[in-house]
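What follows is a set of notes on a single structure, which appears directly below.
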Amino acid sequence: MSTLVIVESPTKARTIRNFLPAGYRVEASMGHVRDLPQSASDIPAELKSFDWAKLGVNVEADFEPLYIVPDDKKKIVRELKAALKGVKELILATDEDREGESISWHLLQILQPKVPIKRMVFHEITSEAIKAALKDCRQIDDRLVHAQETRRILDRLVGYTLSPLLWKKIAWGLSAGRVQSVAVRVIVNRERERRAFKSGSYWDLKANLFAPKQEFPVQLVSVGGVNVAIGKDFDESTGKIAKGRKVLLLDETAAIALQQRLNGKVWSVSNLDERPTVRKPSPPFTTSTLQQEANRKLRLSARDAMRVAQALYEQGFITYMRTDSVHLSQQAIVAARECVTKMYGNPFLSKEPRQYVTKSKGAQEAHEAIRPAGEAFRTPQETGLSGRELALYDLIWKRTVASQMADAQLTMLSVQLQVEDALFRASGKRIDFAGFFRAYVEGSDDPDAALEEKEVMLPPLKLGDHPVCRELNTVGHETQPPARYTEAALVKMLESEGIGRPSTYASIISTICDRGYMQLTNNALVPTFTAFAVTSLLEEHFPNLVDPSFTSKMEQTLDDISMGTVEWLPYLKKFYSGEQGLSGQVKSRDSLIDGESARTVKLEGLDDDVKVKIGKFGAYIQVGDGDRMVNSSIPQNLTPSDLLPDKIEQLLKQKLEGPDQVGIHPEANEPIFMMMGQYGPYVQLGQATDAVPKPKRASLPKGMQPEQVTLEVAVNLLALPRTLGEHPETGNRVFVNTGRFGPYVCHVKGNGDKDDNRSLKATDDPYTITFERALELLSQPKTLRGAAAAKVLKAFGNHPDDGEAIEVLDGKYGPYVKHGKVNVSLTKEQTVEGLTVEEALSMLASKSGKTTGKKSTTKTTSKRTKASSGTASSETKKTTIKQTATKSTAAKTAAKTTKKKAPTKTIASK
């Protein structure tokens with residue numbers, strides 16, 4: 001008899017299968033097999049009449065969760081139950097964190113195995129780790145399961161109680177969340193600061209001096225013993241010098257006068273300073289720091305970074321990627337130090353092994369940092385990886401190895417120079433010993449190039465020397481508003497404040513973008529007007545829920561619950577049902593919240609008669625009232641901090657007086673207008689008439705401002721789409737155009753087939769691109785926007801019927817054969833290496849045959865499913881199983897479940 005091992009994903013299953021002894025069978029659960037209902041259609045019919053059923057949590061019965069098996073998981077559950085037959089034991093080998101423990105617990109509840117059960121955990125998928133884990137199996141940790149379930153219930157109560165209020169008062173489809181709403185408020189507050197910011201201007205002088213063999217820059221520091229004003233001396237709320245600052249503010253006139261006075265004067269070295277300093281390497285990566293550095297260096301979003309890290313872990317390249325710990329095992333320290341000695345030499349090795357201490361609030365996940373897997377670290381070149389996977393592995397490898405390297409030794413250099421009563425300063429930096437810089441420089445892709453940039457050398461000077469001034473210039477400056485949050489900066493801020501957990505940050509950021517609260521622009525998170533409206537409502541009526549300190553305390557309480565020092569049920573009752581509980585607050589506040597007021601966004605600096613409102617189709621400006629009321633849509637690319645009076649005037653002018661005319665088209669002899677629409681500015685040829693209801697339009701390219709549009713530019717924009725020729729294979733039209741995501745070429749397929757598009761590269765110009773270049777782009781494989789193409793595992797050549805490629809690709813759920821739009825997954829018995837072209841053709845033909853008869857088959861299946869559902873409902877017990885912390889509680893719950901005998905309905909999740 002065999003042993004059944006269940007993991008979460010097919011990739012993890014394929015990897016772990018290689019390290020298990022004979023007689024072990026590995027299956028994948030594809031994540032969670034049960035969850036709370038996602039919509040009303042998921043709720044069993046016999047429970048729909050209960051108010052609590054909408055929450056998916058029975059708040060009237062000790063917050064008992066209602067679990068259902070989503071429709072897309074029913075087949076997986078059947079397959080797992082079938083696999084369980086005839087085995088001698090079951091090993092649950094899901095991830096080692098709370099989520100993984102919860103998946104194992106749900107599998108145990110739904111499979112109800114009659115054989116011995118073991119829980120196997122490991123933080124890397126290597127032969128040694130799997131063998132060690134097999135010898136050290138345990139039972140499911142109820143405390144971890146309980147901690148995850150409490151969090152899940154709390155998040156559900158917050159989200160499903162507040163979100164309907166937002167739908168009612170502001171707009172349909174909005175959501176609120178325990179951590180999500182705090183993150184949105186943090187970003188909105190930064191945008192408020194930017195809007196309130198008043199810019200100040202100041203001038204200073206910069207010179208280029210020449211000493212023997214080298215030219216070096218210097219900057220003005222003071223005049224007559226008084227420091228000249230710089231950016232930090234200004235008050236952000238006034239744009240003036242802050243009170244109490246005794247500095248000299250130079251305007252352009254004063255700077256030019258000083259420049260003229262100093263021209264031709266003698267410069268003297270008045271002070272020299274050399275100060276040695278030491279830089280120590282950063283600790284190995286945690287989930288949070290990996291997300292931050294991947295965003296800074298690789299421009300990966302938090303979600304993409306975690307997806308790639310998950311793939312690396314499941315393929316056995318790195319240790320578990322959800323961790324708050326910076327600790328390294330003794331095995332990892334030895335491996336890292338061996339890499340240092342081998343690749344950089346003994347001088348670059350730290351004198352003693354470095355061990356780091358976790359400082360993060362509530363560190364609770366895996367107990368080791370993210371590092372390369374195994375007893376010996378494979379170099380990035382030895383992995384065979386490519387693309388994002390190689391880039392992220394390279395980052396992890398360098399950071400881990402650098403953590404065991406010697407300190408970098410630097411000397412900070414400073415020279416002060418006097419000319420008349422003006423004092424100038426030059427600063428430099430000398431790297432005396434590169435140390436860990438040789439392997440890893442934070443924020444840089446290339447350590448060698450970064451070393452050159454970090455070193456700023458000054459010429460050898462001594463007191464009394466007289467360098468020659470070759471150039472003296474005046475320089476004007478404008479103070480800048482606070483920078484918007486990037487994903488890296490937001491993750492760092494949330495972790496430092498103890499808000500949420502790093503393992504959830506990727507999904508939180510994705511949610512606030514998907515819900516329309518944020519737009520990602522040039523790697524910066526820009527809040528929308530909807531985010532302002534929602535944040536204002538929550539601040540006014542539910543201030544605790546968007547207070548970072550309150551959320552941080554809540555997170556700590558949840559950690560205390562997981563440790564058993566706080567009881568979960570009294571906490572949930574107080575939070576939701578107490579005198580000041582969330583449920584009562586929402587009910588009492590509902591009648592006090594005016595929808596019209598909630599949909600009005602309050603922005604500092606707007607006139608009283610100008611209102612910004614949230615409508616069905618987005619944000620808009622409203623001026624006046626009654627018959628004199630004017631509404632104008634706000635373009636999506638116009639942010640709250642940039643909605644200034646001049647922009648409002650421009651939008652209203654277009655609405656009232658019509659658009660500005662750029663000029664007359666030389667060929668069409670019609671006016672070209674500059675317009676402002678929902679997606680930003682565009683040019684339009686002529687006016688809309690009954691004969692021409694939709695005049696030709698063209699959006700402005702990214703980065704181009706309306707004031708930059710000349711008649712020539714407008715004519716070029718309107719020349720698109722531009723026909724380039726006929727495709728040699730189909731004879732159909734090939735053209736170039738520009739769209740919402742930039743310029744592209746298109747091959748019109750016709751006959752109902754979808755057109756074939758390719759984005760232009762950075763070096764391509766839509767106005768000059770040739771037909772040959774367009775065909776070259778169209779011949780390249782198509783990839784999903786924002787995602788890497790699936791890895792080709794095997795190529796069979798072209799299909800004999802239509803000439804399109806047949807390939808085996810590496811998909812999210814395992815390898816599959818692809819031909820055009822037809823995809824067929826490989827069975828468990830098939831391997832990529834053993835698959836022949838004949839088998840691939842047969843699989844594709846079989847799939848095409850199923851597609852042809854889909855309609856009648858679906859109808860029959862639907863009837864059969866309905867009948868079988870009716871039969872099953874009379875036999876199946878209700879699956880709302882409450883989390884148990886002790887055996888006695890488990891027994892009571894089981895008895896309660898058996899007594900109810902309510903049928904289970906697993907409705908398709910939305």
Side-chain angles (χ1 to χ4, degrees), residues 123-124 126-129 132 274-286 289-290 293-294 296-297 312 316-319 323 325-359 367-385 390-413 428-457:
H123 70 274
E124 59 181 344
T126 61
S127 177
E128 298 80 7
E274 290 192 3
R275 181 169 49 86
T277 185
V278 172
R279 282 280 306 277
K280 295 183 179 296
S282 299
F285 282 128
T286 62
T289 54
L290 178 63
E293 196 72 344
R296 284 193 292 259
K297 281 191 174 184
L312 289 174
F317 287 107
I318 64 170
T319 54
T323 174
S325 175
V326 293
H327 173 77
L328 285 178
S329 65
Q330 189 59 38
Q331 169 188 294
I333 291 175
V334 171
R337 294 178 72 81
E338 286 177 355
C339 285
V340 176
T341 304
K342 180 179 178 181
M343 301 196 69
Y344 304 105
N346 282 328
F348 287 87
L349 189 67
S350 62
K351 291 182 180 180
E352 298 292 334
R354 295 184 189 270
Q355 192 57 273
Y356 298 87
V357 179
T358 302
K359 297 179 181 178
H367 301 300
E368 191 173 3
I370 303 170
R371 61 167 176 85
E375 295 180 347
F377 294 167
R378 285 170 283 187
T379 65
Q381 294 73 28
E382 292 171 339
T383 60
L385 295 167
L390 175 61
L392 194 66
Y393 180 84
D394 181 69
L395 203 63
I396 295 167
W397 186 91
K398 286 177 178 175
R399 177 90 164 213
T400 308
V401 170
S403 72
Q404 295 302 314
M405 293 179 71
D407 297 340
Q409 298 172 15
L410 303 88
T411 298
M412 312 305 292
L413 309 171
K429 184 191 300 180
R430 184 176 67 239
I431 298 177
D432 302 313
F433 177 65
F436 74 92
F437 281 167
R438 185 57 62 194
Y440 185 86
V441 179
E442 195 164 7
S444 173
D445 296 328
D446 185 348
D448 291 328
L451 284 177
E452 293 180 11
E453 292 175 5
K454 278 185 170 290
E455 193 165 47
V456 182
M457 296 301 296

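Model, not experiment: these values are computed from the prediction. We use all heavy atoms of the structure for the numbers below, so side chains are in, but hydrogens, waters and symmetry mates are not.
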Pairwise distance OG(S403) to CZ(R371) - rounded to 0.5 angstrom: 11.0 Å
Within 45° cone of Y356 ring axis and under 6.0 Å: K280 NZ or CZ: no
From K429 atom NZ to T277 atom OG1, the distance as rounded to the nearest 0.5 Å: 9.5 Å
Between CG on residue L328 and OG1 on residue T400, distance to nearest 0.5 Å: 6.5 Å
Beyond-backbone contact of F285 with I318, side-chain heavy atoms, under 4.5 angstrom: no
Derivation and outcome, side chain to side chain donor-acceptor pair (under 3.5 Å), residues E274 and T411: CA-CA 6 Å; E274 290 192 3; T411 298; 5.5 Å; no
Non-hydrogen atoms of L392 and A294 that approach each other most closely: CD1-CB, 4.0 Å
Side-chain (Q409) to main-chain (F433) donor-acceptor, under 3.5 angstrom: no
Heavy-atom pair with the smallest gap, counting every atom of R337 and P353: NH1-CA, 3.4 Å
Backbone of M457 reached by a side-chain donor or acceptor of R430 within 3.5 Å: no
Residue pair A402 / Y440: nearest heavy atoms and the distance that separates them: CB-CB, 3.6 Å
Side chain S350, main chain Q404, donor-acceptor under 3.5 Å: yes
Separation of K398 NZ from C339 SG (nearest 0.5 Å): 13.0 Å
Heavy-atom pair with the smallest gap, counting every atom of W397 and T379: NE1-CA, 3.8 Å
Approximate separation, where rounding is to 0.5 Å, of D407 CG and F437 CZ: 10.0 Å
Whether Q355 side chain and H327 backbone form a donor-acceptor pair below 3.5 Å: no
Side-chain heavy atoms of R378 within contact of F317, under 4.5 Å: yes
For A332 against F377, the heavy-atom pair lying closest together: O-CZ, 3.6 Å
Side chain T319, main chain A369, donor-acceptor under 3.5 Å: yes
Neighbour count >12 (heavy atoms, 6.0 Å) for atom CD, E382: yes
Pairwise side-chain contact, L385 with P380, heavy-atom cut-off 4.5 Å (strictly under): no
Closest non-hydrogen atom pair, V401 against Y344: CG1-CE1, 4.3 Å
Under 3.5 Å donor-acceptor, T323 side chain and E368 backbone: yes
Close side-chain approach of I370 to T289, heavy-atom, < 4.5 Å: no
CD-OH distance between Q381 and Y393, expressed to the nearest 0.5 angstrom: 9.5 Å
Donor-acceptor contact below 3.5 Å, side chain E128 vs main chain G374: no
